[in-house]
K.L.:
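Below is a structure I'd like to ask you about.
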Amino acid sequence: MSGSPVRFRDPRSTEYDFLDSILVRCPRCDRIARVQRQPHPGGRLLFAPRRLVCRSCGLSRTWTGRGVGLWAGSRGPAEDPYFGARLWLQRETRHGWLWAYDLRHLDLIRRHTGAALRERADWYDTGQKMTLVARLPAWVKSAKNRDEVLRAVDRIRASVLTPG
């Protein structure tokens with residue numbers, strides 16, 4: 001076994017990288033639903049049409065709007081930016097709400113939190129200073145909260161396997 005610490009290098013992901021598929025609570029039946037980006041020729045992907053689909057109750061809605069409300073902070077339950085539905089992947093901790101759009105987003109938070117050695121992304125070659133990892137709340141990045149955050153991430157992930 002190697003005695004070296006687990007290393008995390010910031011992949012320069014932004015919140016926009018996780019908006020293609022978002023797990024939400026169905027507004028009708030309160031079970032898992034998905035907000036999926038629809039094929040869109042040209043234009044900005046952020047404003048591409050979206051479709052909310054619930055396999056439990058059959059709810060289907062389409063979004064073709066122009067305004068997007070990205071969630072900022074951890075003071076309350078998070079919502080998806082298109083339909084305003086509550087995110088499925090979220091949990092309240094004593095420090096605030098921990099949330100993710102999808103399992104890839106949750107995995108990024110887990111890898112960052114679990115690493116003893118965290119390397120920032122170089123910003124000088126792209127001009128991008130604030131990646132998703134850099135924008136995580138200080139309490140998520142704090143080593144003293146590592147165990148609590150990892151437990152919350154594991155509980156959030158388990159909610160996808162055993163919804164309810």
Side-chain angles (χ1 to χ4, degrees), residues 1-26 30-37 44-48 50 52-53 55 68-164:
M1 283 227 145
S2 172
S4 63
V6 177
R7 170 181 267 171
F8 175 85
R9 289 188 180 155
D10 189 344
R12 293 189 180 137
S13 299
T14 66
E15 192 171 2
Y16 304 107
D17 295 329
F18 300 101
L19 293 177
D20 287 344
S21 178
I22 303 169
L23 297 176
V24 298
R25 289 193 175 277
C26 175
D30 210 35
R31 293 186 141 174
I32 289 182
R34 182 178 303 269
V35 174
Q36 190 80 33
R37 181 172 57 87
R44 295 186 59 190
L45 294 179
L46 178 64
F47 299 108
R50 309 288 167 163
L52 184 147
V53 177
R55 290 188 174 186
V68 177
L70 294 174
W71 193 253
S74 62
R75 294 269 181 229
E79 299 174 345
D80 91 278
Y82 299 98
F83 295 95
R86 287 185 59 182
L87 296 182
W88 185 268
L89 301 175
Q90 63 181 323
R91 185 165 197 92
E92 187 174 17
T93 69
R94 64 187 171 119
H95 304 287
W97 285 81
L98 182 66
W99 57 271
Y101 286 129
D102 64 4
L103 291 174
R104 293 179 308 124
H105 185 183
L106 190 64
D107 181 58
L108 179 72
I109 295 169
R110 184 179 218 317
R111 287 185 293 121
H112 176 268
T113 304
L117 178 61
R118 301 170 184 163
E119 296 180 21
R120 294 182 186 159
D122 298 326
W123 62 267
Y124 49 81
D125 57 346
T126 62
Q128 179 184 356
K129 294 183 182 181
M130 295 301 285
T131 64
L132 186 136
V133 169
R135 290 178 184 260
L136 286 172
W139 63 268
V140 173
K141 297 189 275 188
S142 175
K144 71 180 182 181
N145 297 327
R146 179 175 290 141
D147 291 336
E148 182 178 356
V149 172
L150 290 175
R151 273 194 308 273
V153 167
D154 290 341
R155 288 180 180 143
I156 292 170
R157 181 178 296 282
S159 75
V160 174
L161 302 176
T162 57

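Treat the numbers as computed from the prediction; the structure is a model and nothing was measured.
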K.L.:
With under 30° as parallel and over 60° as perpendicular, where do the rings of W139 and H95 fit, or are they tilted in between?
P.N.:
parallel
K.L.:
Would you say L106 and F18 make side-chain contact, with heavy atoms under 4.5 Å?
P.N.:
no
K.L.:
Which residues pass the side-chain contact (heavy atoms from CB on, under 4.5 Å) test with V53, not counting sequence neighbours?
P.N.:
R51, S60
K.L.:
What do you reckon, is CZ of R31 surrounded by more than 12 foreign heavy atoms closer than 6.0 Å?
P.N.:
no
K.L.:
Would R120 and D10 pass as an ion pair if we require N to O under 4.0 Å?
P.N.:
no
K.L.:
Please say which of V24, I156, I109 ends up in a side-chain contact (heavy atoms from CB on, under 4.5 Å) with L89.
P.N.:
I156
K.L.:
Please examine the side chains of L46 and V68, heavy atoms only from C-beta on, and report whether any two atoms are closer than 4.5 Å.
P.N.:
yes
K.L.:
Enter the distance from E79:CD to Q90:CD here, rounded to the nearest 0.5 Å.
P.N.:
8.5 Å
K.L.:
Is it true that R94 and E148 have a side-chain N and a carboxylate O under 4.0 angstrom from each other?
P.N.:
yes
K.L.:
Answer yes or no: is there a donor N or O on one side and an acceptor on the other, between the side chain of R104 and the main chain of D17, under 3.5 Å?
P.N.:
yes
K.L.:
Heavy atoms, side chains only, cut-off 4.5 Å: are Y101 and V35 in contact?
P.N.:
no
K.L.:
Just to verify, what does S142 make a side-chain contact (heavy atoms from CB on, under 4.5 Å) with, not counting sequence neighbours?
P.N.:
K144, N145
K.L.:
Donor-acceptor pair, distance only, cut-off 3.5 Å: does the side chain of K141 make one with the backbone of A134?
P.N.:
yes
K.L.:
Looking at every heavy atom in both D102 and S21, which two are closest together, and how far apart are they?
P.N.:
CB-O, 3.3 Å
K.L.:
Given side chains that start at C-beta, do those of L98 and V149 come closer than 4.5 Å, heavy atoms only?
P.N.:
yes
K.L.:
Considering only NZ, NE, NH1 and NH2 on the basic side and carboxylate oxygens on the acidic side, decide whether R111 and D107 come within less than 4.0 Å.
P.N.:
yes
K.L.:
Would you give the length of the straight line joining atom CD of E15 to atom CG of L132, rounded to the nearest 0.5 angstrom?
P.N.:
6.5 Å
K.L.:
Side-chain contact test, heavy atoms from C-beta onward, threshold under 4.5 Å: evaluate it for L23 versus R34 and give yes or no.
P.N.:
yes
K.L.:
Is there side-chain contact between I22 and H105, with heavy atoms separated by less than 4.5 Å?
P.N.:
no
K.L.:
For A152 and T93, which heavy atoms make the closest approach, and how far apart are they?
P.N.:
CB-CG2, 4.0 Å
K.L.:
Nearest heavy-atom pair of L108 and P11: which atoms, and what distance?
P.N.:
CD1-CG, 3.7 Å
K.L.:
Hey, does L150 have a side-chain heavy atom less than 4.5 Å from the side chain of R110?
P.N.:
yes
K.L.:
Considering only heavy atoms from C-beta outward, does the side chain of R37 approach that of L19 to under 4.5 Å?
P.N.:
no
